[in-house]
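Letters A, B, ... are given to chains in the order of the sequence lines, protein chains preceding strands, and every chain is numbered from 1.
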Number of protein chains: 2
Amino acid sequence: MQQPFDSVWTREPRASRSSTLSREQIVRTAVELLDAEGVDALSMRRLGAKLGSGATSIYWHVAHKDELLELVMDEVYGEITLPDPAVVGWQDAVTVFAYGLRDALRKHPWAASLLSTRPSLGPNAMRLLARMTTAFEQAGFTGLELDYASAALLSYVLGATAPEIAWQAVIDRSGLDGEELVTAVHETVRRAARDHPGLVSRHEQYRDLDMDVTRAISFDFGLTCLIGGMKARLARDAAPFTEAHDAAPFTDADREQ
Amino acid sequence: MQQPFDSVWTREPRASRSSTLSREQIVRTAVELLDAEGVDALSMRRLGAKLGSGATSIYWHVAHKDELLELVMDEVYGEITLPDPAVVGWQDAVTVFAYGLRDALRKHPWAASLLSTRPSLGPNAMRLLARMTTAFEQAGFTGLELDYASAALLSYVLGATAPEIAWQAVIDRSGLDGEELVTAVHETVRRAARDHPGLVSRHEQYRDLDMDVTRAISFDFGLTCLIGGMKARLARDAAPFTEAHDAAPFTDADREQ
DNA sequence: AACGGACTCGCACGCCGTACGAGTCTCGTC
DNA sequence: GACGAGACTCGTACGGCGTGCGAGTCCGTT
């Protein structure tokens, strides 16, 4: 029988006497370094220095840098909470989760790029996925749709947060703030959109809005649309008189209006 | 007045005699190299070699590697089409766009990670954004909601496609295919989810399904939910008798069921 | 012929991930 | 107490990376 792909999560951990360096300590320090100085600052040498040990010592506890990043990613998942859907209802549960994931990614800006690069198979990620599934079970989804719904929610949050972080990185690099910052962002977008008067004129309206608030509104818009669409789907599947339309999620008749 | 952030799109291009190396040629070759050998294979030295020139010659036409990546990203946006919403209707238009973006990202797997790392401000990205906006205008959205809707759609597609690509990368690296591959993927997920019987047992159902088809179904599920949610929102905003609920997208009463 | 700007490119610097092998420390067994 | 076997640390070295710099070449203009 075929072995699974080799990864931190499928391999047996090394037998271990408690030693001066430990995997947890390495991962914790890596997160600190990443938070403090960004993804480019994480090198094995720098990490070793911060741990007060040789760079190559780390390789006893971790197979290679990629594996360290996987461990570090799961650490981020560990920070996210998903309330019990049986208590707060599925909509609130997944909404809290969505905001929690968004917050975690904004707090650890380096995480978004890692997350989109490798599958998330760590225990914390799995725990979250399992809980999310129970939320959607409670909503009324069954079978594979449980996975689809979970994937859709995760996808939206990840996709929506990534550009926020990308912008924040540009802003941080610039070192600007306050009015100067607002003007610089505004001017950048205005130039980029210069061939599309509609975009430019709409963008004027953001001039006096707080950027963080605008982002949150935009995030919430998509989130409520997605959850609303899930509700609509549940309602349609449950209602017998629409069964004739079952094949397509939205019918041609829907499309007219 | 504050200058915009420095970037390829805001800076004036260099004055130029037509020379042996050109920016377009560099970008085109970079895309080829990326497609053929992945994001790690793109180094200035390798690119220079493929162009038959010195590595550092590239720096005359491009400020630094990051700028090259921005140019290359916009090239990808250039491949995506968005049909005229006035002809096919807004739902079909944005659906075609969503699948188009997904296809482009799958065709250029390196693009997903770039896209989530920097804001997309190139001309091709802007052209698409402008067209997407007209689609949502036709749908009935107005004002800032046009941006929110566009952002939501983009977010979903990006977020949904990224994990597909991440998996594909693992698979490509393994060199397996056919039955072996299916078993390896299956076994990997089974082990990762071992503490969550629900996930494992549901995963059994994928055993006999084509992976590409499953992915497409999952993608479509989220996409139709999102678009359905947008429609629901439009309908609610248009219908006067629900105006009392306007403040919150979904009321407590909605939440009960 | 002389100039100046457009363009090419070799070299060097300081980073990077990590393979390797020699070294040390700690424990279980005799 | 001796000693062997792992667990663990780490200095060195290799082949790569992005790119700053300055010398060099080409070519249109005067």
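When each of Arg17(B) and Thr56(B) is assigned the nucleotide of DNA chain C bearing its nearest heavy atom, the one mapping closer to the 5' terminus is Arg17(B).
Asp195(A) places no side-chain N or O within donor-acceptor distance of the main-chain N or O of Pro123(B), the cut-off being under 3.5 Å. Looking only at distances, a side-chain donor or acceptor of Glu67(A) sits under 3.5 Å from a matching main-chain atom of Ala63(A). Using modelled atom types, one side-chain atom of Lys65(A) and one backbone atom of Leu42(A) make a donor-acceptor pair closer than 3.5 Å. A donor-acceptor distance shorter than 3.5 angstrom exists from the side chain of Asp74(A) to the backbone of Asn124(A), with no hydrogens or angles considered.
Considering only residues two or more places apart in sequence or on other chains, Asp177(A) meets the salt bridge (Lys or Arg N to Asp or Glu O under 4.0 Å) condition with none of them. The salt bridge (Lys or Arg N to Asp or Glu O under 4.0 Å) search around Arg127(A) returns none, not counting sequence neighbours.
Protein chain A touches strand DNA chain D; the 5'-most and 3'-most nucleotides with an atom under 4.0 angstrom of its non-hydrogen atoms are dG6(D) to dA13(D). When DNA chain C is scanned in the 5' to 3' direction for atoms under 4.0 Å from non-hydrogen atoms of chain B, the outermost contacting nucleotides are dG5(C) to dA12(C).
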- Decide yes or no on side-chain hydrogen bond (donor to acceptor under 3.5 Å, both in side chains) for Tyr99(A) and Asp220(A), but give the supporting numbers first. CA-CA 9 Å; Tyr99(A) 274 95; Asp220(A) 200 77; 2.5 Å; yes
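His186(A) and His203(A) have parallel rings, their planes meeting at less than 30° on a 0 to 90° scale where 60° marks the start of perpendicular.
For the atom pair Arg106(B) CZ and His108(B) NE2, the distance stands at 13.0 Å (nearest 0.5 Å). A distance of 8.0 Å separates OH of Tyr77(A) from CG of Leu128(A), quoted to the nearest 0.5 Å.
More than 12 heavy-atom neighbours from other residues, nucleotides or ligands sit within 6.0 angstrom of CG on Asp212(A).
The stretch residues 22-53 of chain A touches DNA chain D through Arg45(A), Ser53(A), each having a heavy atom under 4.0 angstrom from the strand. For DNA chain C, the neighbouring residues in residues 63-72 of chain A, judged by any heavy atom under 4.0 Å, are His64(A), Lys65(A).
The residue Ser19(A) sits close only to the backbone: its heavy atoms come under 4.0 Å of sugar-phosphate atoms, none of a base.
With Phe97(B) as the aromatic partner, Arg131(B) does not meet the cation-pi criteria of under 6.0 angstrom to the ring centre and within 45 degrees of the ring axis. By the 6.0 Å and 45° rule, Arg191(A) does not stack over the aromatic ring of Trp9(B).
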